[in-house]
Amino acid sequence: MPNSVTPTHCPYCALQCGMNLTPLQDGGVAVVERPDFPVNKGALCGKGRTAPAVLASSVRLTSPLVRSGGTLVPATWDEALDRIAEGLHRTRTEHGPDACGVFGGGGLTNEKAYSLGKFARIVLGTSQIDYNGRFCMSSAAAAGMKAFGLDRGLPFPLEDIPKTGCVILVGSNLAETMPPSLRFFNELKENGGTLIVVDPRRTKTAEQADLHLMPRPGTDLALALGLLHLVVAEGRVDEEYVRERTVGWEDARAAAMAHWPEFVERITGVSVPQLREAVRMFCEPENAMVLTARGPEQQSKGTDTVSAWINLCLATGRAGRPLSGYGCLTGQGNGQGGREHGQKADQLPGYRKLDDPAARRHVAEVWGVDPDSLPGPGRSAYELLDALGSDIKSLLLMGSNPVVSAPRAAHIEERIKSLDFLAVCDVVLSETAALADVVLPVTQWAEETGTTTNLEGRVLLRRRAITAPEGVRSDLDVMHELAARLGGEKGLEKGFPTDPEEVFEELRRASAGGAADYSGITYGRLAEENGVFWPCPAVPGTGDAEGPEDGEDASLDSEPGSPAHPGTPRLFLDRFATPDGRARFAAVSHRAVAEEPDDEYPVLLTTGRVVAQYQSGAQTRRVDELNAAAPGPFVELHPRLAARLGAAEGDPVAVVSRRGRAVAPARITTGIRPDTVFMPFHWPGEGRANTLTNPALDPTSRMPEFKACAVRLEAVKS
């Protein structure tokens with residue numbers, strides 16, 4: 001174990017806050033401030049401060065487990081790996097490669113995500129790979145690609161937020177989901193800027209707003225269109241910008257004009273005066289931003305909804321200009337990098353498309369395989385999970401807990417149970433791992449080195465601070481050993497190094513020339529520069545990775561001896577990443593949620609997070625301090641709704657949808673709409689919120705509609 005302080009990053013959300021780890025005499029580490037990292041400047045939330053608690057052997061897995069007689073029992077690594085190889089080989093032999101599924105996680109490092117995509121496609125030969133990041137920001141990614149030709153969570157650093165004039169924050173409770181980021185918005189207000197929050201709940205974030213709009217869940221699309229209607233009607237369109245830097249305005253304008261203010265008020269519940277005030281606040285300053293999060297994105301029309309907010313930015317000249325623009329607040333720790341390098345069903349490393357022949361050639365050359373041997377695009381995350389036990393017979397799962405996190409979770413749990421074979425790699429025995437045939441204990445953030453990419457597109461270096469307990473290995477070791485067992489005489493394991501820096505060097509070559517070009521980034525640079533923003537292409541003559549030979553990247557044309565590419569903190573200032581350099585408007589119109597309330601299910605349910613827990617809670621629910629702050633699920637409802645139900649504070653309430661029933665204590669507050677209830681989704685069991693949620697999918701992003709489904713409430717007799 002190193003004797004000095006180790007600078008690294010938090011294992012949780014996409015801020016990837018900087019922290020220092022100091023060694024303790026018992027072999028553990030303590031978290032101390034790291035003020036040099038610009039995102040958090042030393043500040044940490046409770047999850048970050050207590051992250052070392054999950055490193056303790058008492059709360060995590062330290063031995064492989066195999067199922068014997070219906071029970072998981074300890075096994076050797078060789079026994080467990082042999083069992084996995086046998087299960088996957090049997091499935092491939094009997095049913096073909098696409099009967100093997102791979103499901104990854106947005107918390108995996110870039111090196112692991114890259115290797116997992118490669119493993120699926122050249123070792124298993126399967127197209128059936130996706131990851132839980134599909135549930136995070138896929139709608140924003142799809143809309144960003146359509147509008148700008150490139151998707152990166154934020155096209156500018158967080159440090160730009162305090163310098164703009166107005167921010168519209170749509171469907172984000174960042175005061176609880178990423179508390180250290182709140183300082184940027186506080187500084188915005190201190191500098192004279194304004195904050196508009198769009199949320200059906202009066203959250204801790206909404207309490208900071210200068211204007212809080214409380215739309216009915218699932219109506220964010222109509223709200224954005226209504227604001228754009230007023231921008232046009234009040235003569236606030238930046239006509240010169242629209243003419244010079246965009247296409248498609250006439251159709252988008254016509255669609256917006258069909259959403260007049262009174263019509264939007266009836267749909268959303270947001271009053272016309274509030275709509276007008278929001279337009280004034282957004283348009284009067286020289287600069288402004290729109291930031292979206294899961295609220296508008298986790299809908300069956302999430303891509304169109306985000307497109308409507310992008311339209312508002314384009315019409316007012318607020319994209320591709322300094323201190324202005326549209327951005328998405330990514331949720332998971334490496335949700336950005338996780339999909340850039342191959343975990344997503346339709347993507348290859350470097351954010352290349354799997355159905356692009358040139359992309360296939362480039363990556364196949366790096367991997368040393370025939371491009372024609374690479375499978376095509378596979379199923380999206382929910383569709384993959386829904387196919388378990390039928391088309392997909394075996395599943396290798398890394399770093400995800402869909403038994404708690406997937407929509408229609410009881411159904412997904414049954415699909416998982418119907419598999420012929422399930423192998424899970426995780427740090428704890430999650431609810432999903434408990435169903436597995438083999439469970440492998442893998443290393444955590446402080447026990448391994450690797451890179452992540454935060455919500456700004458800043459590639460970061462996490463550093464190993466301590467040695468993992470005996471019996472624990474890295475996911476990279478797992479893939480290396482499985483490749484050796486499944487590759488026959490091919491020696492495929494040589495393509496799966498266990499050294500993360502060696503994997504990153506290959507990732508650099510594979511990403512070179514792609515949209516997410518990491519080829520100019522090295523571990524040395526990341527350590528010296530506190531992270532590097534992509535795209536960062538290699539520059540010949542600097543010792544950088546060589547670029548592609550097929551002419552994909554016209555930027556690799558610097559003279560020998562040129563300085564290294566500095567990275568790209570701010571995108572689109574000169575042109576957008578479309579063929580003609582212009583942004584695209586989208587002609588979108590409001591449509592209802594997939595499941596509107598009716599007489600049988602008269603209330604809307606929306607879901608989200610609380611500050612002391614994270615995602616499915618698999619790790620945070622093992623930390624005493626966090627459990628004391630957030631011990632279990634609850635149902636948040638308005639006093640009028642509680643009175644009709646006859647429920648008092650703390651009474652058990654059943655929430656029932658067409659997919660199932662969940663029970664949790666009532667939390668009564670005026671900070672929520674009377675037609676809406678809220679449940680956090682961190683817990684399993686009878687309070688599992690995702691038992692209720694609707695898997696209706698966005699037709700473009702394949703994002704499920706977590707944020708709105710019809711339910712009824714029932715009093716629970718004690």
Side-chain angles (χ1 to χ4, degrees), residues 84-85 87-105 108 112-134 138 338-398 400 419-423 478-480 482-483 485-488 490-496 503 506-507 509-511 514-516 701-702:
I84 296 174
L88 295 174
H89 177 73
R90 183 171 58 250
T91 295
R92 282 195 305 168
T93 301
E94 295 178 1
H95 303 285
D98 272 359
C100 294
V102 177
F103 199 83
L108 300 182
K112 293 178 182 180
Y114 171 83
S115 294
L116 189 60
K118 181 180 178 182
F119 180 88
R121 293 179 174 107
I122 70 171
V123 176
L124 296 179
T126 182
S127 66
Q128 301 304 303
I129 175 172
D130 211 78
Y131 82 130
N132 63 15
R134 176 79 68 170
S138 58
R339 72 179 182 285
E340 290 169 5
H341 299 300
Q343 278 192 104
K344 204 166 172 228
D346 58 348
Q347 287 179 191
L348 288 169
Y351 224 138
R352 288 180 162 89
K353 300 297 289 183
L354 191 52
D355 56 5
D356 176 2
R360 293 170 67 89
R361 285 195 304 272
H362 174 79
V363 174
E365 182 178 355
V366 174
W367 288 352
V369 299
D370 183 343
D372 292 337
S373 71
L374 298 177
R379 291 175 172 89
S380 70
Y382 179 79
E383 292 165 305
L384 189 157
L385 295 171
D386 190 40
L388 299 181
S390 54
D391 293 341
I392 299 173
K393 305 295 185 181
S394 293
L395 182 68
L396 174 63
L397 186 148
M398 286 189 173
S400 187
L419 283 164
D420 292 348
F421 182 79
L422 172 64
V478 171
M479 286 180 273
H480 177 87
L482 289 178
R485 286 164 168 81
L486 291 164
K490 298 178 182 178
L492 284 180
E493 71 275 10
K494 296 177 183 178
F496 294 87
V503 177
E506 183 179 300
L507 183 158
R509 298 195 302 276
S511 73
S701 69
R702 315 309 288 170

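Quick note: numbers below take in every heavy atom, side chains included, and nothing from hydrogens, waters or symmetry partners. If you read the sequence from its start, that first residue is 1, and numbering goes on from there.
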[X] side chain vs [Y] backbone, donor-acceptor pair below 3.5 Å:
{"X": "Asp130", "Y": "Ser380", "result": "no"}
{"X": "Arg360", "Y": "Pro371", "result": "yes"}
{"X": "Thr91", "Y": "Ala99", "result": "no"}
{"X": "His362", "Y": "Arg509", "result": "yes"}

For Ser701, what residues pass the side chain to side chain contact (heavy atoms under 4.5 Å, CB included) criterion, not counting sequence neighbours?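 Ser701 satisfies side chain to side chain contact (heavy atoms under 4.5 Å, CB included) with Ser138, Ser139, Ala142, Thr303, Asp698, Met703 only.
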
Under the rule for side chain to side chain contact (heavy atoms under 4.5 Å, CB included), what residues qualify as partners of Ile122, not counting sequence neighbours?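 Side chain to side chain contact (heavy atoms under 4.5 Å, CB included) list for Ile122, sorted by chain: Lys118, Trp367, Val369, Leu374, Phe496.
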
Could you give me the CA-CA distance, side-chain angles and deciding distance for Leu116 and Lys112, then say whether side-chain contact (heavy atoms from CB on, under 4.5 Å) is met? CA-CA 6 Å; Leu116 189 60; Lys112 293 178 182 180; over 6 Å; no

Should Tyr114 and Glu340 be marked as a side-chain contact (heavy atoms from CB on, under 4.5 Å) after you check the CA-CA gap, both sets of side-chain angles, and the distance that decides it? CA-CA 9 Å; Tyr114 171 83; Glu340 290 169 5; over 6 Å; no

Close side-chain approach of [X] to [Y], heavy-atom, < 4.5 Å:
{"X": "Tyr131", "Y": "Arg339", "value": "yes"}
{"X": "Val123", "Y": "Leu482", "value": "no"}
{"X": "Met398", "Y": "Gln343", "value": "no"}

Pairs in or reaching into residues 120-129: which pass salt bridge (charged side-chain N to carboxylate O under 4.0 Å, His left out), with residues at least two apart or in two chains?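 Matches after skipping sequence neighbours: none remain.
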
Among pairs that include at least one residue of residues 88-102, which meet salt bridge (charged side-chain N to carboxylate O under 4.0 Å, His left out), considering only residues two or more places apart or in two chains?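 Those involving residues 88-102 do not exist here.
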
Start with the C-alpha gap between Val478 and Phe119, add the side-chain angles, then the distance that decides, and say whether side-chain contact (heavy atoms from CB on, under 4.5 Å) holds. CA-CA 11 Å; Val478 171; Phe119 180 88; over 6 Å; no

Show me the side-chain donor-acceptor pairs of residues 384-391 shorter than 3.5 Å, one per line, residues at least two apart or across chains.
unit_1 : atom_1 : unit_2 : atom_2 : d
Asp386 : OD1    : His411 : NE2    : 2.6
Ser390 : OG     : Ala387 : O      : 2.9
Asp391 : OD2    : Arg379 : NH2    : 2.6

Considering all heavy atoms of both residues, which atom of [X] and which atom of [Y] are nearest to each other, and what is their separation?
{"X": "Gly342", "Y": "Ile129", "result": "O-CD1, 4.1 Å"}
{"X": "Leu124", "Y": "Cys100", "result": "CD1-CB, 4.3 Å"}
{"X": "Pro357", "Y": "Asp355", "result": "CD-O, 3.4 Å"}

Can you list everything that forms a salt bridge (Lys or Arg N to Asp or Glu O under 4.0 Å) with Lys353? Sequence neighbours excluded, please.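 Once residues adjacent in sequence are excluded, the partners of Lys353 under the salt bridge (Lys or Arg N to Asp or Glu O under 4.0 Å) criterion are Asp346.
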
Please say whether more than 12 non-hydrogen atoms of neighbouring residues, nucleotides or ligands are located less than 6.0 Å from NE2 in His95.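 Above 12, so yes.
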
